[in-house]
Student: 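For reference, the structure I am asking about is given below.
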Number of protein chains: 2
Amino acid sequence: MLRAAIALADERGVEALTMRRLATELGVEAMSLYHYVAKKDDVLDGVVDVLASEINDAVAEIDVPTAGAAWQSAARQRILTARQVMLRHPWAPRVFATRTVMSPATILYHDRLVGLMRDGGFSYDLAHRAMHALGSRSLGFTQEMFDPGGSMPAEADPEVLLGDFATMVPNLVGMLVDAQAHVDPESRLGWCDDQAEFEFGLDLILDGLERLVSR
Amino acid sequence: MLRAAIALADERGVEALTMRRLATELGVEAMSLYHYVAKKDDVLDGVVDVLASEINDAVAEIDVPTAGAAWQSAARQRILTARQVMLRHPWAPRVFATRTVMSPATILYHDRLVGLMRDGGFSYDLAHRAMHALGSRSLGFTQEMFDPGGSMPAEADPEVLLGDFATMVPNLVGMLVDAQAHVDPESRLGWCDDQAEFEFGLDLILDGLERLVSR
DNA sequence: ACCTGAACACCGTTCAAGT
DNA sequence: ACCTGAACACCGTTCAAGT
């Protein structure tokens with residue numbers, strides 16, 4: 001059932017993931033699903049858990065040292081592996097964002113990540129702060145507010161377009177022109193968020209943490 | 001109308017923000033709203049824009065130097081000001097997360113933030129990467145995956161609870177025990193995300209950027 | 001234990017009609 | 001230009017009933 005839900009979201013988007021449609025996809029009447037779950041939220045919780053399990057499985061295959069300074073590249077590899085799983089389900093970040101309780105598999109994932117940092121010499125307190133600093137990045141995605149290569153100029157409000165765009169937002173326009181080089185329409189997760197940008201932000205945080213732990 | 005929508009979400013939650021309810025709140029029939037907007041998404045886009053304008057207004061009052069190394073504290077102050085606005089509307093992050101096009105006011109906000117970094121000596125390329133690294137943090141909120149002080153142990157799955165919790169996730173349990181000190185039930189935005197944690201992550205990124213720009 | 005059909009309360013949205 | 005009423009297609013969910 002959860003597998004079917006994920007397949008449905010993959011093929012036709014999250015908004016197509018409805019109890020009625022999921023039921024017909026399973027060759028069953030809509031209300032039969034309520035024998036296995038109490039409410040739709042349970043399905044979404046389950047979907048998140050399956051995805052997190054997929055990540056845990058992928059991450060479990062990684063066998064690298066974690067002690068001392070090695071924690072950093074180990075964490076990096078783990079998070080980028082998680083990201084690969086998430087990239088296969090571009091709708092997943094939005095579902096993760098709506099969950100209020102953390103799924104068992106997600107808890108497990110973060111426990112291991114904290115463990116890895118402990119191996120690297122982190123105090124519990126620093127590991128705690130590190131988790132907050134990473135936020136959703138620990139699972140391989142970010143919530144972007146800003147899409148410089150994307151739809152910005154095209155969809156801008158008339159008010160902004162009537163006044164000269166370049167005068168209203170000169171810095172963004174300058175950046176757009178300058179950034180023309182590395183626009184990559186592939187491999188985005190949510191907004192503009194290609195692999196290089198993700199890794200830049202991730203490394204910024206990991207480097208900062210390493211500096212703190214080795215001081 | 002947008003003001004009414006925000007008030008409604010503030011008082012009764014985003015899920016209560018429905019076209020029909022918004023209409024009755026305005027003392028009008030539900031379908032009258034469709035003379036001002038084409039679809040509900042337009043309302044949400046508008047709500048986001050009003051919030052971003054509120055942030056722009058608040059930020060405009062800040063008058064601090066931005067040249068050279070001063071960029072960092074100026075950016076910090078701006079982002080924490082944005083956060084104060086967001087904290088008044090705890091449902092807002094989720095709405096921001098669902099928008100696919102960036103509102104004019106949000107564009108403006110980011111343009112000024114890029115401008116500030118330019119004052120600080122950033123290349124367009126570094127400013128671009130900085131925006132990605134910050135992600136939604138630039139507007140004062142984060143997408144947290146992890147709630148150590150919150151509902152985690154209480155809501156854990158039977159499977160995890162039956163096996164000894166401390167054996168399943170020893171690192172999180174250790175962290176929870178250790179972290180008992182700084183649990184703050186107030187001032188959370190979304191998941192567990194208090195002011196100190198937000199500032200820690202923010203400074204980690206800003207410090208990393210400063211190091212890059214001053215190398 | 002598992003599934004169904006009919007029904008309820010609620011959505012967003014269309015459309016033809018009113019002033 | 002602005003508002004309305006009735007209606008449509010679609011939700012999630014309840015409930016009593018079937019096997």
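What you see below is based on every heavy atom in this structure, not just the backbone, and it leaves out hydrogens, waters and symmetry mates. Labels below follow one simple rule: chain letters A, B, ... track the order of the sequence lines, proteins then strands, and each chain is numbered from 1. All values reported here derive from a predicted model rather than from experimental measurement.
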Student: Can you list the residues that meet the side chain to side chain donor-acceptor pair (under 3.5 Å) rule with B:Thr66, with sequence neighbours excluded?
Tutor: B:Asp119
Student: Among residues at least two apart in sequence or on other chains, which ones pass side chain to side chain contact (heavy atoms under 4.5 Å, CB included) with B:Arg76?
Tutor: B:Leu80, B:Glu199, B:Leu202, B:Asp203, B:Leu206
Student: Under 4.0 Å between a side-chain N or O of A:Ser32 and OP1 or OP2 of C:dT4?
Tutor: yes
Student: Within the side chain of A:Arg137, is there an N or O that forms a donor-acceptor pair under 3.5 Å with the backbone of A:Phe141?
Tutor: no
Student: Tell me, what's DNA chain D's dot-bracket, Watson-Crick or G-U with both distances under 3.5 Å, | for other-strand, [ ] crossing?
Tutor: ||.|||||...|||||.||
Student: Test of understanding: with side chain to side chain donor-acceptor pair (under 3.5 Å), list the residues that count as partners of A:Ser103, not counting sequence neighbours.
Tutor: A:Asp49, A:Thr106
Student: Are the side chains of A:Leu51 and A:Phe96 in touch, meaning some heavy atoms are under 4.5 Å apart?
Tutor: yes
Student: What N/O pairs connect the protein and nucleotides 16-19 of chain C at under 3.5 Å? Give each pair on its own line.
Tutor:
none

Student: Could you tell me which non-hydrogen atom of B:His89 sits nearest to which non-hydrogen atom of B:Ile6, and how far apart they are?
Tutor: CE1-CG2, 3.8 Å
Student: When you compare the side chains of B:Thr142 and A:His132, does any donor N or O come within less than 3.5 Å of an acceptor on the partner?
Tutor: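 On atom types as modelled, these side chains do not qualify, holding no pair under 3.5 Å.
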Student: Would you give a per-nucleotide map of nucleotides 10-15 of chain D, 5' to 3', where B means the base has a protein non-hydrogen atom under 4.0 Å away, S means only the sugar-phosphate does, and - means neither?
Tutor: -BBBB-
Student: To the nearest angstrom, how far is A:Leu26 atom CG from C:dT4 atom P?
Tutor: 11 Å
Student: Passes side-chain contact (heavy atoms from CB on, under 4.5 Å), A:Arg118 versus A:Tyr124? Steps please.
Tutor: CA-CA 7 Å; A:Arg118 294 284 290 166; A:Tyr124 276 127; 3.5 Å; yes
Student: For the residue pair B:Met117 and B:Met131, establish whether any side-chain heavy-atom pair is separated by less than 4.5 Å.
Tutor: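 Yes, close enough: below the 4.5 Å cut-off.
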Student: Has the side chain of B:Asp45 got a donor or acceptor atom that lies under 3.5 Å from a matching backbone atom of B:Val101?
Tutor: no
